[in-house]
Amino acid sequence: MPASERPVVTRIAPSPTGSMHIGTARTALFNWLYARHSGGTFLLRIEDTDRERSTEANVQVILDGLAWLGLEPDAPPVFQFARAERHRAVVARLLETGGAYRCWMTVEELAAEREIARAEGRAIRSPWRDRDPPAGVNLPHVVRFKGPLDGETLVHDLVKGTVRFGNRELDDLVLLRSDGAPTYNLAVVVDDHDMGITHVIRGDDHLNNAARQTLIYQALGWSLPEFAHLPLIHGPDGAKLSKRHGAQAVGEFADMGYLPEAMRNYLARLGWGHGDDELFSDAQAIAWFDVRDVVKAPARLDWNKIAHVNNHYVRAADDARLTSLTLEAMARRGETIAEDARDRLMSAVPLVKEGAKTVLELLDLSRFALVHRPIAIDAKSEALLTEEVRARLGRLAKHLWSQEDWTPAALTVALRAFAESEGVGLGKFGGPLRATLSGGLPAPDLASALTALGRDESLGRIADALSPRK
RNA sequence: GGGCCCUUCGUCUAUCGGUUAGGACACCAGAUUUUCAAUCUGGGAAGACGGGUUCGACUCCCGUAGGGCCUACCA
C-alpha cells in the first residue's frame, strides 16, 4: 500500500554526536505537528551508527531536548546501532540479488578515482562493479550499492516538488564498511521501512540522499515513503547557524530563558505560516499544519522576533511557574538564594512580567525586590535625594506609617492624597521615592513596588535612605 | 569542478495571472509618564537582474547574478 494511503507515521532521527541543534528541534516540531494533524504517530530514532562520535550523554541531550520542547515521541526510541544485524541481512539480500557488490578498492585507489570522476563531472565508480573477487577473498572490503549507470531518478518531494537526478551523478555508495558496520544511507532506508514511516520529513541537506535512498528502496522492492525536505535555518546574517550567532543548541535557548511553548510557536512560524497568524496555540498549529505549506526558502533566526513571541508567552505564563524558572536561573548563575527569595519573587513576578522578554529578564526586573537592606543607591538616584526632598520623604514615610491597607489601589490613593497635602504633583517625589525603594534598579510603578516589597521592607528602605550616611 | 535547492520590506511571511503588494518583528515620530518597560497613534520600508508567454505577471517559462546543500568506509 502506498505510503500516502497508510496511517501517518513520522520520525525525528537525530544522531547523538553533539548538542541538539535548533534546526533539529524544528524538524522534530514539524514531524510532530504533521503526525498530530493527521492523527498519526510520531517516532524517535537515535542514529548512533557513528561509534566514534556517538555518546550516551548526547542521547540524553536529545531526550531532554525533546522533553523540554514538549515533543515526546509516541514510542520508546529505536537505536539504529542495535539493528546492525538486520541491516547486514538486508545487504546480504542485495548481494544475492545483484543489487550490491563487494569492493576491494584501497584508499589510494579511491582517492585517485575520486579525482578522475570529479574532473569528468560524474560520480565515482568502482572497478569491482563487474569484476570477479580477488584471489584472497579474506581481504578487507566494503559492500557498495550497485546503482543504475544511466537514466533518471525522480524524487517527489512534498515541499520542493518533483526533483530529477541523473543516475550517472549518483555514486555507488558504501552500504557496509570494511569492518562490517552499516552506513547511514542503508540504515535509514531499512529502519524507515521497518518502522513503517510514511512521511520522511527532514532537513534540506538530505535532498540529495533522497535520490540514492530511492534507488535502494527500488532495489529492495519496497514502497517509497513520502518525502518532505525542509529548508534549513540560518543565522541572522544568512550564514550557517553557528555558536557565533548566540545559540544553536536547544539547551542554550532553555538556559537563556525562552519558554518551550514560545519556541514551538516561533519555530513553527519559521518556514511555515497560516495566513497572517503569528501567535497561536499548539491546538491551532496542529489543526492548521501541513508539510505541503512549508516555505521552500531557508529562513534566518531573528532574535527580536523570538523575544517578542517569548514575551507573549511569559505574560501568559503562571506566576508560580515563572518564579520557579527564575529561581532555577539564579541557581544556574550560582547565586545564593535567600530564604524569603521565593516569596519576594512571587510578589514581584506578576508586576514585572509584562516587560520581560525572557526568564533572565524576569530576574533582572525582579532584582529590586531581591536585594537586601540597606540597599545600594546608585549615583543618579542619590542625586535626586536633596535636602528638600529628604524632608518631604520623611513626611511621606510618616504618612505611610499610618497606612493600614497595603494594596496597590489603596496605596495609589494614599500617594495622591499625600501629593495633595504637600501641594505638589507626584513628579516632585515619585522619582526620589523610587530611588529609596529600588536604589536605581528598574521597578514597576510605585504603588505596585510598595506592595511587592511589603510594608516593613518599604518603610525600612525609605528609612535607610533618609538616615545619615555612614 | 559537478549535481541539486532557493530568491517579496532589514527579518519572518501573505499573495496561489488582474491587490493602492497585506500582516508581524525591528526601526522612526508623537501621545502617556513616578525610572526602565509596557501601552496607544502615526510613519518609512519589498517582488535580485534580463528576456520571454499573456489583453494583463510577484505569480508561468528561459537565462544571469547571488545564497545554500550535497559531492565520506559522518549522519
Side-chain angles (χ1 to χ4, degrees), chain A residues 13-17 47-50 52-54 80 103 105 107 110 114 117-124 140-144 155 157 159-161 163-166 168-171 173-181 183-185 187-188 203-212 229 231-232 234 236 238-240 266 269-279 295-309 311 315 352-357 361 364-365 380-381 384 415 425-435 437-438 440-447 449:
Chain A
S15 62
T17 52
E47 309 226 313
D48 54 352
T49 50
D50 183 342
E52 297 288 308
R53 299 187 298 152
S54 296
Q80 190 159 64
C103 168
M105 281 176 96
V107 283
L110 201 55
R114 213 189 309 282
R118 189 184 172 106
E120 292 178 5
R122 43 150 258 253
I124 64 167
H141 63 275
V142 299
V143 174
R144 288 183 181 276
V155 174
D157 192 275
V159 350
K160 307 283 185 181
V163 185
R164 331 172 72 94
F165 294 86
R168 74 178 242 120
E169 249 72 56
L170 272 18
D171 58 356
L173 40 81
V174 172
L175 264 21
L176 239 41
R177 289 184 259 249
S178 50
D179 64 355
T183 58
Y184 168 74
N185 279 293
V188 195
D204 219 351
D205 48 340
H206 288 290
L207 185 53
N208 293 284
N209 287 329
R212 307 170 205 278
H229 289 91
L232 272 20
H234 290 167
K240 185 172 179 174
Y266 175 75
R269 199 66 192 70
L270 209 54
W272 172 80
H274 181 264
D276 286 339
D277 295 300
E278 296 288 346
L279 270 4
V295 172
K296 293 178 171 183
R300 302 180 184 198
L301 209 58
D302 181 354
W303 291 106
N304 282 320
K305 191 125 180 194
I306 299 179
H308 175 258
V309 174
N311 171 251
R315 285 164 173 244
V352 303
K353 67 179 184 179
E354 301 280 297
K357 293 193 274 291
E361 282 194 14
D364 290 340
L365 295 173
K380 198 176 158 197
S381 299
L384 257 33
L415 288 173
L426 238 188
K428 284 292 181 186
F429 64 92
L433 173 58
R434 178 182 300 285
L437 255 22
S438 78
L441 291 170
D445 75 270
L446 291 170

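Sequence lines set the chain letters: A, B, ... in the order given, protein chains first and strands last, and positions in each chain run from 1.
With sequence neighbours excluded, no residue forms a salt bridge (charged side-chain N to carboxylate O under 4.0 Å, His left out) with A:Asp157. Residues passing the salt bridge (charged side-chain N to carboxylate O under 4.0 Å, His left out) test with A:Arg269, sequence neighbours excluded: A:Glu278.
Rounded to an integer number of Å, the gap from A:Lys296 NZ to B:rC16 C1' is 12 Å. The separation between A:Leu301 atom CG and B:rU11 atom P is 14 Å, rounded to whole Å. Straight-line distance from the NZ atom of A:Lys240 to the P atom of B:rG68: 11 Å, rounded to whole Å. Distance, A:Tyr184 OH to B:rA75 P: 9 Å, rounded to whole Å. Atom CG of A:Leu175 and atom C1' of B:rA75 are 15 Å apart (whole Å). Distance A:Asp204 CG to B:rU7 P: 11 Å, rounded to the nearest Å.
Here the closest heavy-atom approach between residue A:Gly440 and residue A:Ser381 is recorded as CA-OG, 3.2 Å. A:Tyr266 and A:Arg300 get closest at one heavy-atom pair: OH-O, 3.9 Å.
Looking only at atom types and distance, the side chain of A:Asn311 has a donor-acceptor partner in the side chain of A:Arg315 under 3.5 Å away.
Pairing for B:rC27 is with B:rG43, a Watson-Crick or G-U wobble pair whose two hydrogen-bonding atom distances lie under 3.5 Å. With both pairing distances under 3.5 Å, B:rA72 is matched to nothing as a Watson-Crick or G-U wobble pair.
Between A:Glu47 and A:Leu232, the residue whose closest nucleotide on RNA chain B is further toward the 5' end is A:Leu232. Projected onto RNA chain B by closest heavy-atom contact, A:Gly238 and A:Gly271 fall at different nucleotides, the more 5' of which corresponds to A:Gly271.
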Check nucleotides 59-61 of chain B against the protein and report each pair of N or O atoms closer than 3.5 Å, with its distance, or say if there are none.
none

Please list each protein N or O that sits under 3.5 Å from an N or O in nucleotides 21-23 of chain B, with the distance.
{"from": "B:rG22", "atom 1": "N2", "to": "A:Asp276", "atom 2": "OD1", "distance (Å)": "2.8"}
{"from": "B:rG23", "atom 1": "N2", "to": "A:Glu278", "atom 2": "OE2", "distance (Å)": "2.7"}

Can you give me the N/O atom pairs linking the protein to nucleotides 71-73 of chain B at distances under 3.5 Å, or say none if there are none?
{"from": "B:rA72", "atom 1": "OP2", "to": "A:Arg114", "atom 2": "NH1", "distance (Å)": "3.2"}
{"from": "B:rC73", "atom 1": "O2", "to": "A:Ser178", "atom 2": "N", "distance (Å)": "2.9"}
{"from": "B:rC73", "atom 1": "O2", "to": "A:Ser178", "atom 2": "OG", "distance (Å)": "2.9"}
{"from": "B:rC73", "atom 1": "N3", "to": "A:Ser178", "atom 2": "OG", "distance (Å)": "3.0"}

Between protein and nucleotides 30-40 of chain B, what N or O pairs are separated by less than 3.5 Å?
{"from": "B:rU34", "atom 1": "O2'", "to": "A:Arg434", "atom 2": "NE", "distance (Å)": "3.1"}
{"from": "B:rU34", "atom 1": "O2", "to": "A:Arg434", "atom 2": "NH2", "distance (Å)": "2.1"}
{"from": "B:rU34", "atom 1": "N3", "to": "A:Leu446", "atom 2": "N", "distance (Å)": "3.4"}
{"from": "B:rU35", "atom 1": "N3", "to": "A:Arg434", "atom 2": "NH1", "distance (Å)": "3.2"}
{"from": "B:rU35", "atom 1": "N3", "to": "A:Ala443", "atom 2": "O", "distance (Å)": "2.8"}
{"from": "B:rU35", "atom 1": "O4", "to": "A:Arg434", "atom 2": "NH1", "distance (Å)": "2.8"}
{"from": "B:rU35", "atom 1": "O4", "to": "A:Arg434", "atom 2": "NH2", "distance (Å)": "3.3"}
{"from": "B:rU35", "atom 1": "O4", "to": "A:Ala443", "atom 2": "O", "distance (Å)": "2.0"}
{"from": "B:rU35", "atom 1": "O4", "to": "A:Pro444", "atom 2": "O", "distance (Å)": "3.2"}
{"from": "B:rA38", "atom 1": "O3'", "to": "A:Arg315", "atom 2": "NH2", "distance (Å)": "2.7"}
{"from": "B:rA38", "atom 1": "O2'", "to": "A:Arg315", "atom 2": "NH2", "distance (Å)": "3.3"}

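A:Thr49 comes within contact range of the sugar-phosphate backbone alone, with a heavy-atom separation under 4.0 Å but no base atom that close. Among the atoms of the strands shown, base atoms are found under 4.0 Å from some heavy atom of A:His206.
Taking the C1' atoms as reference points, B:rG68 lies 27 Å from B:rC73, given to the whole Å. Between the P atoms of B:rU41 and B:rC55, the separation comes to 46 Å (whole Å). Taking atom P in both B:rU71 and B:rA37, one finds a spacing of 48 Å when rounded to whole Å. Here, B:rG10 and B:rC16 have their P atoms 23 Å apart, quoted to the whole Å. Straight-line distance between the C1' atoms of B:rA46 and B:rC27: roughly 16 Å, to the nearest whole Å.
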(request) Evaluate the criterion salt bridge (charged side-chain N to carboxylate O under 4.0 Å, His left out) for residue pair A:Arg212 and A:Asp171; output intermediate values, then yes/no. (result) CA-CA 8 Å; A:Arg212 307 170 205 278; A:Asp171 58 356; 2.5 Å; yes
